[in-house]
Structures are given as structure tokens and as C-alpha cells.
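Okay, structure first, notes after.
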2 protein chains.
Amino acid sequence: MKPGPTIQDIAAAAGVSKSTVSLVLQDSPRIKAETAEKVREAARTLGYVYNRGAANLRGRRSTTVGMVINDLTNPFFVELLVAIERVLAQSGYTTLMAHTAENVETQTRVLRSMREQNVAGLIMSPALGTPGSLTAEIQSWGIPLVLVMRPMGTDVDTVGVNNAHGFALSTEHLIQQGHTRIAFAGNRSGYTVANQRRQGYLSTMAAHGLAVEDNWIVDVELTPNGGRDAVRAIFDMKPRPTAVVCYNDQVAFGVLHELDRMGKRAGKALAVVGCDNVVASEHTNPPLTTLSAGADKLGTMASRTLLARLEGADDIGDDVVQFFAEPELIVRESSVGHQSARTAVEWRKGGSVQPARKSKDPV
Amino acid sequence: MKPGPTIQDIAAAAGVSKSTVSLVLQDSPRIKAETAEKVREAARTLGYVYNRGAANLRGRRSTTVGMVINDLTNPFFVELLVAIERVLAQSGYTTLMAHTAENVETQTRVLRSMREQNVAGLIMSPALGTPGSLTAEIQSWGIPLVLVMRPMGTDVDTVGVNNAHGFALSTEHLIQQGHTRIAFAGNRSGYTVANQRRQGYLSTMAAHGLAVEDNWIVDVELTPNGGRDAVRAIFDMKPRPTAVVCYNDQVAFGVLHELDRMGKRAGKALAVVGCDNVVASEHTNPPLTTLSAGADKLGTMASRTLLARLEGADDIGDDVVQFFAEPELIVRESSVGHQSARTAVEWRKGGSVQPARKSKDPV
DNA sequence: CTGAAAGCGCTTACAG
DNA sequence: CTGAAAGCGCTTACAG
């Protein structure tokens, strides 16, 4: 890294003071147009590069936002990250990215690092097992924090999904297809999101007077391999479930794959529903029925919430933002066409089954 | 952002000078152990947070690395990003992430922003259409640059893949399966990587005395939708190709999907080979034969190369690093079992067909 | 409309 | 072994 010219050098070249240069760089109207042009000219010829770090130090501000993400092997979180980065960049912020790979110690380390880097704010999807005290600790740092996807209490701005309602929709859909024995793949008791999803499934089953055997709630990894394990477990049950609600699309992909390996077809042999509507879910064989809450919308919402806090926008107020998008069910082939179900033709037209109710936009 | 204590405050609390505090924070051996402990104690009770920005400004260094990535909708680049971020974090660097979505203007903007943020170095997979002059320009900034996946001349450190050899392997494999009419899906004439891939395919066809019809080289988007278009085009040809080499796994996923929609099975109706071995390729229906160069290995290599430049390691020298990994072919069901081909049983045992030659590790 | 001065929170010779 | 001083590249009252 060679030195490079500073505002001092520009000042000398343009025959003005560095105060003037600084003001010109900030497009201040206090500087006469011709002076400004002279300064800009000098900056151009010298190849000046603004040093944002120095400016931030002096101005006690920061144009960097930290984004802590738990699982980039799940395309849903990638879609979220992309949306967040895009919106922040549009507003002039740079994104410091860190991946925790669902590891709480890594998360602690990167948060400390981001704090030292003086981030203006943080967006985080906390790793599973994050202690409940973390949000209060971050808030004590005096920078805004927005949680995405994984709520941790009502004291912190949160953008997520109404999981209970979503999984109720999925379960309802399967029941309407004629299924009565429906399994749930990807249990993670004790974690908020997992509890919500399981609860949405359980309460809908109960509402229809359908019993749920204990072993129908299959505890597997939240990965394609977990989905494969789930299929093997389900086909060992008798009488076996004819449908399965999966924790997310990653699990559902494994389910579709294992069924294919067994020479069976999802939809026919076992109705399958995922969650997240990742891009790939449209191109699986067969295409996957899944819940969509809109990664792009959620990411935009999370960024906007953080930006509102950063700019101290008054339309956001002091109230904690708790936004939970209402997912809609995207019906595709993986959940229709079962022998014991109604004809699937009406479903194959595609599209959403339920015009999702939108919550009020908080920012 | 409330003020927070500075080394000055610690100095006052511990009854020493701020010089001493600074040295203690740097674990300098020049400070007596008891003094150091006293300082650390004061820092702890005051809740001190190191201000890396101020340190970087004064020390004229930087602990931030910029990562500019062209397409995060392709999981391969996500795997690369994850590996790079992990290695950099282990070495104490923070990753500034920016996504260009294959847009050259966005790329220009984020590069400028990263330069202002004073990144110590850059890792970039350039957007398609990036002008050849860009690398020289970045190098004139005086910070190291490592290109990943997409070479731009021999003047800049580059970590990529031997695409020509990889696509030769794929084509060879299909020919050995008995195919003689083999298509290529995802043409992008004019781009280096695309040229290499097409060339690997063409030269292998030629080496076997197999003719290639013009329209077998199908120009489609490098996405699942492009793959679907390719299948429709291929099935319109007569006599039609019995196998297709896809530009990457994203295209291949679309191919598998469209075949399934047509009630056909990849492998049987059309042999399909992808490229990148993204995690999902193992779980498609049927599983996808593809080329693996190891995203994790490539990311690690790129980071290490940059780190070597940053630390001025002497084992790297002044020579430009040009590392191209030799891909290996992972044979799965999508390319075997065609009627006109040998029995597929021997292939189904899985595993790699070719123990890839590794290039010499450059760092 | 412009400049001189102070200072953001650090590090680094230099002196003792 | 420790401290006083200068300075990294900016911004921001304040004065004129």
C-alpha cells in the first residue's frame, strides 16, 4: 500500500486549505462553485481516493454494517444475504459478512471482531443454541441489531415468518388431499422456529381430529441427508404415513431423492411439502410444494428496519419492530396425485393456494 | 453509538500512559507483567473495545479484505465464498462482501467503495464482460488482487480450474459410454471460461473423429431455465444427440428437470454431465455426473495466495501465481444406462473415474 | 466564502 | 521498563 494523496495534497495543488477540500468532497453549498471545481480538478489529476476510515474516525460514525449469517449451505439464507447486501449497498453502506456455520463460538468471535471494526449496526440470523442473553449484550453496545428468521424475545427488532401459520397451511393442504397419516421431518425441539413449525402441524392435525403417533415426528438433521433418513424411517412404520411435512426445502430435497432411489415418486408414494421456496425447489423432480415467505422481501425488510434505526427515522419510533411475514403455499407436484387423494389436476395449474395475508409493514 | 472508553481512559484508570496501554494491547514483551495485568484489568472493568479503525489509520495498515463475487445464485460461488471467508477469518482478517450479480457497473461501484474502505487486498471473480483493463487498474492501486475462477491474462494472480481438461474428461466419458452425438449446452462465445469448456468438448470430439453439428452447441442462459431450453432444442433435432455436456450444474439441473417433465429419465433418454459438483448435484433425481475441482480447495488456495501477498511471504516470490486445479469426473446415474451404451452397473458403484493430477501448490 | 485549529483513537520512534 | 510527543487523514465548530 503506497501512500497516495491526501486532502492536504489536494489543498496544496488547488491552492486552498484542507478545510475547503473537505467541504468540497462533501458537496457543501458553502463553497463557491469555481473553487469547488478547481478542487475537484486537482483531486482528479492527483488520483485522490477518499479515506472513509479516517472520516469515520473523526466524524464518529460508520458506514459499515455487519451481517452475521448462520448457514450459507442453505440457499434460503443466501437469497436473504443477497437481498440485504443489495439494499444496504444502495443506501451507501458496505456489508461486512461473516458465516458462523451454526457455531456459537464462531458467532461470538465474529461479533467481537465486527464490534472492533466499528460497524454501525448488525443484522444477524443467530446460530442455533445462541444464549438468550446475547441480544441484550449486543444492544448494550449501543448499535442497532435486527434479527432475521430466528426470533429471540420481544425486546429486539425482528424480521421473520409466521411459521405456525405456514405449517398449518401445509398440513391443511395435505389433509384436504385426503391424507390422515402425516409425518413431520426435522424435529428440533427447544428451538423457537422448530417449535413453531411443529406446533403449526400438530395443532392443525388436532383441529381435524387426527391422531399423531410419536414416531411420526422424525428427528433428523436439517439437510438433504436428514431427509433421506426420514424417508427410511417413515417406510419402516406401519401403518406408514402417506405424507410428510418437512422442516425446510433442504430436508425435502433429501426426501425427494431417497424416494427416487427407492423407485418411488414423491406425490404418488408419499406426499411431500417443504418450506422456504428456494429457487431450486421449482426444478426438482418432481417439483416441490413448499411455503414461500419471500427471501427477497424479508431481506429488504430487515435492511430497511436497520437503516431506519441508523438514520433515526421518526416513522419507526421507539417501538420494537416485530415483523412476521405470512407465508403462502406454492403447490407443485410433490404433494399431489396420491392414490388416496383427490385428483391432482386442479392443483397442477400451479400458483398459490392461499392469498397470504400480509402483516402491516413496520418501517 | 455512545462514546465508550478509549486507551486514554484505561491509562487514567490504571495509572499509566496511553503508550503503555497500547503496547499492552499489542502483547508487547516490553511491558512488565504486573503492569500489563493492571492495564488489562482496567480495560476489562471499563468494558474497553479496541478501535481497529483508529489503529489501522495510524499504523497505515488494514485488516479487511474485499471479496467481490459475481453470482451468488450459483451455489458453487457460495461454497467458494464460505471457504474464503473462513480462511481469512482464521488469519484475523474481516471480509467485506459484495455481490455484482454479473453486472459490470455494480462491480465498478463496489470496487471503488472497497478501495475507499481501505481494504488490504481483493479477491474477485469478475463479472462477465469485465474490461481487460480492470486488473491493471486495480493493481495500480497498490493492493494485491487475486482472481478466482475467471482468468484475465497472465499478469495477475489467478486461482481457477483447468476447464479444457475437465470438459475433455466429460466428453471422453460419454464417448466411452457409446455416445457419438453429443451436444454442448450453455455456449457463451467470447468469454474465456466458456471458450475453454467448449474447446475441451470440441477437441475431444475431434480426437475421436466425431463430427459436431453446428446446432449441437446450444446457446442458452447459464441457469436451470437455460437447461430446460436446451432440452427442448435438443429434442427438436434429428437425428438428435443422445448426450449433453452442460456448462455447469445449474444448467444441468434444468436439463434433468425438463427431461422429468417430459416423462424421460436422464441417463436413459439423454446422458447428462454437469460441472462444479455443487452439493445439490448429489441429491438430484437422478444424481448428476459432474466435474469436481473442489470449491473448498479453490477458496482456500485463493485466500492463501492473497495472505501470502499481504504478509509479503518470501516463499511466494514475485512471480505471478497461476494455479489451475485439475478437475475430476464424479460419475453418477445421469450419464449412464443409455440403451446404446455399455451396461451401467460398473459405473453405479460411484466414485471418481480419474484420479485427478494435482498441479503444484503455489503458496 | 474560506482558513486555522483542535481532535477522533490509536501507534511508533525516541528519550530517559 | 515507561512516558511525552508527533501524526495517520479526515471533520467540524469557530473566526474572519
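In what follows, chains carry the letters A, B, and so on, assigned in the order in which the sequence lines appear, proteins first and then strands, with residues in each chain numbered from 1. Bear in mind that the values here come from a model prediction, so they are computed numbers and not experimental data.
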Under 4.0 Å between any heavy atoms, over every strand shown, what does A/Thr6 touch: base, sugar-phosphate, or nothing? Just pick one.
sugar-phosphate
For the pair made of CG in A/Asn51 and P in D/dG9, what is the distance, rounded to whole Å?
7 Å
Counting heavy atoms from C-beta on, name the nucleotide in C/dC10, D/dA4, C/dA5 closest to the side chain of B/Ile7.
C/dC10
If a stem is a run of at least 3 consecutive Watson-Crick or G-U pairs, both distances under 3.5 Å, which stems include DNA chain C?
C:1-3 with D:14-16, C:5-12 with D:5-12, C:14-16 with D:1-3
At 4.0 Å (heavy atoms only), tell me whether B/Val49 reaches a base, stays on the sugar-phosphate, or touches nothing.
sugar-phosphate
Partners of A/Ala98 by side-chain contact (heavy atoms from CB on, under 4.5 Å), sequence neighbours excluded?
A/Val110, A/Met114, B/Glu85
For B/Ser19, report the nucleic acid contact type (base, sugar-phosphate, nothing); a contact means any heavy atom under 4.0 Å.
base
A/Gln26 has its side chain closest, among D/dC10, D/dT11, C/dT2, to D/dT11
Salt bridge between B/Arg40 and B/Asp27, side-chain N to carboxylate O under 4.0 Å?
yes
Checking contacts here: which listed nucleotide (D/dT12, D/dC10, D/dG7) is nearest the side-chain heavy atoms of B/Lys18?
D/dG7
N/O to N/O distances under 3.5 Å, protein versus nucleotides 14-16 of chain D:
{"unit_1": "D/dC14", "atom_1": "N4", "unit_2": "A/Arg30", "atom_2": "NH2", "d": "3.4"}

Between C/dC8 atom C1' and A/Asn56 atom CG, what is the distance in whole Å?
11 Å
